[in-house]
Protein chains: 2
Amino acid sequence: MDDFLKALEIEGLTSRLKRLSDTMLYETKDLYKSLDLEIEPNWNLIFRLLQAYQELTIMEISERLQLSHPAVIKIVNKMKKTGYILTYSDKSDKRKQILRLSEKAMVKLRDFESIWEVQNAEIGKLLSDCPHFMEELEKVETKLREQNYKQRIINKLNE
Amino acid sequence: MDDFLKALEIEGLTSRLKRLSDTMLYETKDLYKSLDLEIEPNWNLIFRLLQAYQELTIMEISERLQLSHPAVIKIVNKMKKTGYILTYSDKSDKRKQILRLSEKAMVKLRDFESIWEVQNAEIGKLLSDCPHFMEELEKVETKLREQNYKQRIINKLNE
DNA sequence: TCATTTTACGTAACCAGTTACATAAAAAAG
DNA sequence: CTTTTTTATGTAACTGGTTACGTAAAATGA
């Protein structure tokens, strides 16, 4: 079966990126379910952040991951429900909720680290004959950070 | 602001792909809204398919785009509501719904083609110093088609 | 020809994101 | 001080995907 998105060349690119990212997401969910791991795809990001910084607020996570704050709230609420994250409110700024990893999280991390390692190795293999992929992805991200996609199109239309 | 996902290297890749694909999706929606165009991101895929094949069923679209059939039904229902798609049921197989572009779609397509052209040119520019991106993306897709991501991990764990 | 299996479509419930809006606390400005 | 603006968080409604399940028609096979 030929891939119509590929045949569209440039016009199919964003849909292919979405397809790839959705595939990774749903297969990873399925993987964790099969292995009976109490974790979701992308929770690793929060674990990694809190490993690196110990304590962070919702907004700090939101900025560092470049995710909207409601998205972070949703992830964090689930991780609180499973007992991986503890929160308390900042004494000097009562608006802020300070997040840190629980003892349970520290213990579970050992299991999680080993599966993440396998996943990373497999992704490495998928990229084994793609030596420019990461670097070129970064170039695209950088360009879009300098000027966003929508604005690029608007400017072009006004030329 | 440094990008934490980038710092995660391989481990941040799938989240970066999701972030990029979400960004393109939401900015494109926003773009069409600003321009008052009665179209959604990814409707172009259906337009292109029906331009190429004139008539297709839900399942044929689903296979060619590698999207689940409920996803196709949702897109197509919206496009029917805006009057771009006409349907009738196959005489010789009453299960099948045959889809084709309406006259309205053919007229609107002229406007849409011109904005898609600008979008494609801009994406081309984003990729201008990424000569391997499309080709390497395809390599990854091919590998995942040969054996899916989940199975790769499972196999590795059983080694 | 009739029972069984497969296929096409549809619906429901879920998921991970978004934007838009509300509220309360902190910071800035008068 | 007090008013105004900004910031941190939370909630609601929406979006474009998914899987799971149901149903009717077609194809298969005994």
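Naming: A, B, ... by sequence-line order, numbering from 1 per chain. Just so you know, these numbers come straight off a predicted model, no measurement behind them.
Per the geometry, OH belonging to Tyr26(B) stands 8 Å off P belonging to dG16(D), to the nearest Å. The distance between atom NZ of Lys96(A) and atom P of dG10(D), rounded to the nearest whole Å, is 14 Å. Spacing between atom CG of Asp30(A) and atom C1' of dG17(D) amounts to 16 Å, rounded to whole angstrom units. Straight-line distance from the CG atom of Leu99(A) to the C1' atom of dT9(D): 11 Å, rounded to whole Å. Taking atom NE2 of residue His69(A) and atom P of nucleotide dG10(D), one finds them 8 Å apart after rounding to whole Å. The CD-P distance, from Gln97(A) to dT9(D), rounds to 7 Å in whole Å. Regarding Lys81(B), its NZ atom lies at a distance of 10 Å from the P atom of dT15(D), rounded to whole Å. Here the C1' atom of nucleotide dT15(D) and the NZ atom of Lys29(B) are 6 Å apart, to the nearest Å.
Across all their heavy atoms, Ser102(A) and Gly83(A) have their closest contact at OG-O, 2.6 Å. Taking all atoms of both residues into account, the shortest heavy-atom contact from Arg64(B) to Asp3(A) is O-OD1, 4.2 Å. Pairing each heavy atom of Tyr32(B) with each of Gln119(B), the nearest pair is OH-OE1, 2.6 Å. Minimum interatomic distance between Leu126(A) and Cys130(A) (heavy atoms only, all atoms of both residues): O-SG, 4.1 Å.
No donor-acceptor pair closer than 3.5 Å links the side chain of Gln147(A) to the backbone N or O of Arg152(A). Of the possible donor and acceptor atoms, none in the side chain of Lys80(B) sits under 3.5 Å from a partner among the backbone N and O of Leu99(B).
For DNA chain C, the neighbouring residues in residues 40-59 of chain A, judged by any heavy atom under 4.0 Å, are Glu40(A), Asn42(A).
A 4.0 Å heavy-atom criterion places the boundary nucleotides of DNA chain C facing chain A at dC15(C) to dA26(C), written 5' to 3'.
Thr87(B) comes within contact range of no nucleotide atom at all, as no heavy-atom separation falls under 4.0 Å. Within 4.0 Å of Ser92(A), counting heavy atoms only, lie sugar-phosphate atoms of the nucleic acid but no base atom.
Of the N and O atoms on the side chains of Asn155(B) and Gln151(B), at least one donor lies less than 3.5 Å from an acceptor on the other residue. Thr82(B) and Lys108(B) form no side-chain donor-acceptor contact under 3.5 Å, judged by distance and modelled atom types alone.
A close approach under 4.0 Å does not occur between any side-chain nitrogen or oxygen of Ser68(B) and OP1 or OP2 of dG17(D).
Nearest-nucleotide positions on DNA chain C for Asp22(B) and Asn77(B) put Asn77(B) closer to the 5' end. The residue among Glu60(A) and Asp90(B) whose nearest nucleotide of DNA chain D lies closer to the 5′ end is Glu60(A). Annotation: of the two residues near DNA chain C, Lys33(B) and Lys78(A), the 5′-most nearest-nucleotide partner is Lys78(A).
Using cut-offs of 30° and 60° on the angle between ring planes, the pair Tyr84(A) and Phe112(A) is perpendicular.
When distances are taken from the side chain of Lys18(A) to each of dT15(D), dG17(D), dA25(D), the shortest belongs to dG17(D). Of the candidates dA25(D), dA8(D), dT18(D), dA8(D) carries the atom nearest the Arg95(A) side chain, counting heavy atoms from C-beta on.
Leu5(A) is not listed as a side-chain neighbour of Gln66(B), based on a closest heavy-atom distance of 4.5 Å or more.
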